[in-house]
Amino acid sequence: MSIKSEASAIYAETFPDSAVSAVHRAPSDYPSGKAGDVLTVEFTVAGVACLGLNGGPIFTHNESFSFQIATDDQEETDRYWNAIVGNGGQESACGWCKDRWGVSWQITPRVLTEALAAGGAEAKRAFDAMMGMRKIDVAAIEAARRG
C-alpha cells in the first residue's frame, strides 16, 4: 500500500483512536527514490494498526482494501465524509469515497448496518435506498427501515 506520511497524519487528526507511531526513511538512494524518502509509515486508524509502504507509482490503491468507519448519526457521517472528500478526495456510491491519495473509505452509519442485519423486507428497503446514495443519508435509511 503506497502511503504518504502526510496521509497518515491527516488520518490520525481526523479519526478517534488513531495515531502515527513511526516514519521510516530510506538510508540511501534506491531505484525509485532518494535517501531520506519515506519508505514506511506505522500508523493506527480507528484502532486498526497499519503499515503503509511508499510504493510509488508502481503499487497503487484499489477498492480491494478500504477503511470502514462506523458512524452514530448524520453529523458524524458528514464530518468524516467531508474530511475525506473535502480534502481533495472524491465521492463514490453507497457510502464509499476515496481520499486524495487513492485510499478507499466506507463511511457507514450504524443504522444502515443494523437495517441490513435485520434481513427481510426491512433490509431490502434500506439496501434499495442506499443504492441511490453517495454519502449515506441517515434519515432516508431510517425512513426506509420503517417502510
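As the structure is a computational prediction, the values presented were derived from the model and not from experiment.
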- request: Could you list the residues that satisfy side chain to side chain donor-acceptor pair (under 3.5 Å) with Ser104, not counting sequence neighbours?
  value: none
Members sharing Phe127's hydrophobic cluster (side chains within less than 4.5 Å): Val111, Leu112, Leu116, Met130, Met131, Met133, Ile136, Val138, Ile141
task: If a pair satisfies side-chain hydrogen bond (donor to acceptor under 3.5 Å, both in side chains) and one of its residues is in residues 137-147, list it, with sequence neighbours excluded.
output: Glu122-Arg145
- line: Here the pair of heavy atoms bringing Pro109 nearest to Thr71 is CA-OG1, 3.1 Å
- prompt: What pairs with Ser66 under side chain to side chain donor-acceptor pair (under 3.5 Å), at least two apart in sequence or on another chain?
  reply: Gln106
message: Main chain of Val38, side chain of Asn54: is a donor-acceptor contact present, judged purely on distance under 3.5 Å?
response: yes
message: If the condition is side chain to side chain contact (heavy atoms under 4.5 Å, CB included), which residues does Ala22 pass it with, not counting sequence neighbours?
response: His24, Glu42
field: side-chain hydrogen bond (donor to acceptor under 3.5 Å, both in side chains) contacts touching residues 28-39 (sequence neighbours left out)
entry: none
message: List the residues meeting side chain to side chain donor-acceptor pair (under 3.5 Å) with Thr44, not counting sequence neighbours, and say none if there are none.
response: none
Without placing hydrogens or testing angles, list every side-chain donor-acceptor pair under 3.5 Å for residues 82-90, not counting sequence neighbours.
unit_1	atom_1	unit_2	atom_2	d
Asn82	ND2	Asp78	O	3.1
Asn87	OD1	Arg100	NH1	3.2

query: Do Trp101 and Trp96 sit in the same hydrophobic cluster, where Ile, Leu, Val, Met, Phe, Trp and Tyr count as joined when their side-chain heavy atoms come under 4.5 Å apart?
result: no
field: Close aromatic pair by centroid cut-off 6.0 Å: Phe65 and Trp105
entry: no
message: Checking Glu63 now: which residues fulfil salt bridge (charged side-chain N to carboxylate O under 4.0 Å, His left out) with it, not counting sequence neighbours?
response: Lys98
- request: Please list, chain by chain and in numerical order, all residues satisfying salt bridge (charged side-chain N to carboxylate O under 4.0 Å, His left out) with Asp17, sequence neighbours excluded.
  value: none
- prompt: Taking Ser18 for the side chain and Pro16 for the main chain, is one N or O donor matched with an acceptor at less than 3.5 Å?
  reply: yes
statement: Those residues at least two apart in sequence (or on a different chain) that pass side chain to side chain contact (heavy atoms under 4.5 Å, CB included) with Val48 are Cys50
query: With sequence neighbours left out, what residues match Tyr80 under ring pair (Phe, Tyr, Trp, His ring centres under 6.0 Å)?
result: Phe15
